[in-house]
Amino acid sequence: MIDTSSAPSPREGARPPTMADVAERVGVSRQLVGLVFRNAAGVGADTREKILEAARVLGYSPNTAARALRAGSTKYIGVIFDPAHSAPVEIIEWLYAFAHESGYRIVVSALTPIREESEAITEIVGHRCEALILIAPRSSPELLRRVAGQIPIVVIGRGIPNSEFDLVRSQGASGIDSVVTHLAGLGHTEITYVHGVDMLDGALRLSGYRSAVQRLALTEQIVEIRGDYTEECGATAARILLARAALPTAIVCNNDQAALGLSHTLAAAGVRIPADVSITGFDDSRVARLSFMNLTTVRQDPKEVGEAAIAAAIRRITGRGATGTEVFTSARLVVRGSTAVPAR
């Protein structure tokens, strides 16, 4: 890779440097410069270094996108995500890594409160990406199916029945089941579940809570919260619980960000965690690992998710995989300091 950190900025209005400019500066043929940038054999080490140095000084970089288009393949995979949620950021790191291993590049498009998902999809398609990975998409299944007619799609973190694209999501039901089982093992019998009604795959995680409660002969206690399932949803759930006559001894949130909002609001009201109330989350995001949170949670392995998504995308690009496959990645309980034996 060429280090352009100290390369001169091109003058305004000046044409960008070309391969011919690099060849002229070194005193070699344009074809020889092309060999260097294709990493082809047959170029001496000294000459190769001179060409790379000349390219750095001139500010030249090979137009990989144009080369890919001429070859009939862009080698780009588009990724759309919402940066307001913490879990996708870690998944994207692994998408980059596994795409690079397979000779592909990632084009990322982020959502904002004023930028709709449909706009981001249109932009990615316009970049001639060969496949599209959507992390927890909120678009209607109908829209996604229409887009799937133009470009292969892999969806992370949302189950869509009878889909025309590939799905990658964690085993949310078994993950939440393991959390409830852990709390019951500590002696908790009053275990409330904070259910984000609008959270994608929320129903899957809710089914895990209900299954565990039934198996353990506990009383079902659910607080339903509408809206974007982040810290504010957790804070809203805490205010609802604080308004009741007594708090449960344990609260299960179906993501880490909600657990953060809930914990902060309860602590501000004088509730001690875990002495008074045990709290758990889901995802094992960076939020859970913060020292002041030390949150018991369910690990949704971002490496495993990223690898499965890239593998699915490449299978679709190369025509080696059937449409509509579904991959469930692991969901593993991680016990930290936010859970303890109940005080009462």
Side-chain angles (χ1 to χ4, degrees), residues 1-2 4 16 37-39 61-85 87-112 114-160 163-169 200 302-327 329:
M1 180 179 292
I2 301 171
T4 59
F37 284 107
R38 290 198 301 273
N39 289 321
S61 61
N63 192 337
T64 54
R67 286 208 312 271
L69 285 171
R70 287 196 297 270
S73 171
T74 65
K75 291 291 184 179
Y76 283 112
I77 296 173
V79 176
I80 296 176
F81 79 110
D82 186 345
H85 300 279
V89 176
E90 296 186 62
I91 294 172
I92 287 174
E93 295 176 7
W94 290 106
L95 292 177
Y96 272 110
F98 288 112
H100 179 74
E101 280 186 9
S102 301
Y104 286 82
R105 296 178 179 85
I106 295 294
V107 177
V108 174
S109 188
L111 305 180
T112 71
I114 60 172
R115 188 167 187 266
E116 297 292 334
E117 192 167 72
S118 57
E119 181 183 346
I121 291 173
T122 300
E123 181 180 277
I124 288 293
V125 173
H127 273 86
R128 298 286 300 274
C129 291
E130 296 188 69
L132 174 58
I133 295 175
L134 297 164
I135 303 179
R138 294 191 174 275
S139 297
S140 68
E142 292 73 25
L143 172 61
L144 296 180
R145 291 188 181 103
R146 286 200 301 272
V147 176
Q150 305 175 52
I151 181 174
I153 290 181
V154 178
V155 171
I156 294 177
R158 179 183 178 185
I160 304 174
S163 65
E164 298 174 12
F165 28 83
D166 294 328
L167 306 175
V168 177
R169 52 181 177 153
L200 300 174
K303 180 180 179 181
E304 189 179 346
V305 173
E307 183 175 22
I310 291 296
I314 294 175
R315 282 198 307 269
R316 294 294 312 284
I317 291 170
T318 58
R320 296 200 305 266
T323 303
T325 60
E326 186 168 14
V327 176
T329 58

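- For Glu326, the CD atom counts as densely surrounded, since its 6.0 Å shell holds more than 12 non-hydrogen atoms of other residues, nucleotides or ligands.
- A salt bridge does not link Arg316 to Glu130: none of the charged side-chain nitrogens sits closer than 4.0 Å to a carboxylate oxygen.
- When side chains are defined from C-beta on, Ser139 does not count as touching Arg146, because their heavy atoms never get closer than 4.5 Å.
- Residues Pro137 and Val155 form a side-chain contact, since some pair of their non-hydrogen atoms from C-beta on lies under 4.5 Å apart.
- Looking only at side-chain heavy atoms (C-beta outward), Tyr96 and Val108 come within less than 4.5 Å of each other.
- For Ala136 against Glu117, the heavy-atom pair with the smallest separation is O-OE2, 4.5 Å.
- The two residues Ser109 and Arg115 come nearest to each other via the heavy atoms OG-NH1, 2.9 Å.
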**Asked** Should Ile310 and Ile106 be marked as a side chain to side chain contact (heavy atoms under 4.5 Å, CB included) after you check the CA-CA gap, both sets of side-chain angles, and the distance that decides it?
**Response** CA-CA 10 Å; Ile310 291 296; Ile106 295 294; 4.1 Å; yes
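- A 4.5 Å side-chain heavy-atom check between Ile77 and Val154 finds every atom pair outside the cut-off.
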**side chain to side chain contact (heavy atoms under 4.5 Å, CB included) evaluation trace for Ile160 with Arg145** = CA-CA 10 Å; Ile160 304 174; Arg145 291 188 181 103; 3.8 Å; yes
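- For the atom pair CZ of Arg138 and CD1 of Ile80, the computed distance is 14.0 Å after rounding to the nearest 0.5 Å.
- Note: Leu111 CG to Ile121 CD1 = 8.5 Å, rounded to the nearest 0.5 Å.
- In this structure, Leu144 and Ile153 approach most closely via the heavy-atom pair O-CD1, 3.6 Å.
- Using a 4.5 Å cut-off on side-chain heavy atoms (C-beta onward), Trp94 and Ile92 make no contact.
- Residue Leu134 holds its CG atom at 12.5 Å from CG of Asp82, rounded to the nearest 0.5 Å.
- Residue pairs meeting the salt bridge (Lys or Arg N to Asp or Glu O under 4.0 Å) criterion with at least one member in residues 94-104: none, sequence neighbours excluded.
- Closest approach of Gly103 to Lys75, counting heavy atoms only: O-CD, 3.6 Å.
- Annotation: side chain of Ile124 is in contact with side chain of Val107 (closest heavy-atom distance under 4.5 Å).
- Between Pro152 and Arg315 there is no side-chain heavy-atom pair separated by less than 4.5 Å.
- Here the closest non-hydrogen pair linking Leu143 and Ser118 is CD2-CB, 4.3 Å.
- Among the candidates Ile91, Ile135, Ile133, Val305, the single residue satisfying the side-chain contact (heavy atoms from CB on, under 4.5 Å) test with Val168 is Val305.
- The minimum heavy-atom distance linking Tyr76 with Tyr104 is given by the pair N-CD2, 4.3 Å.
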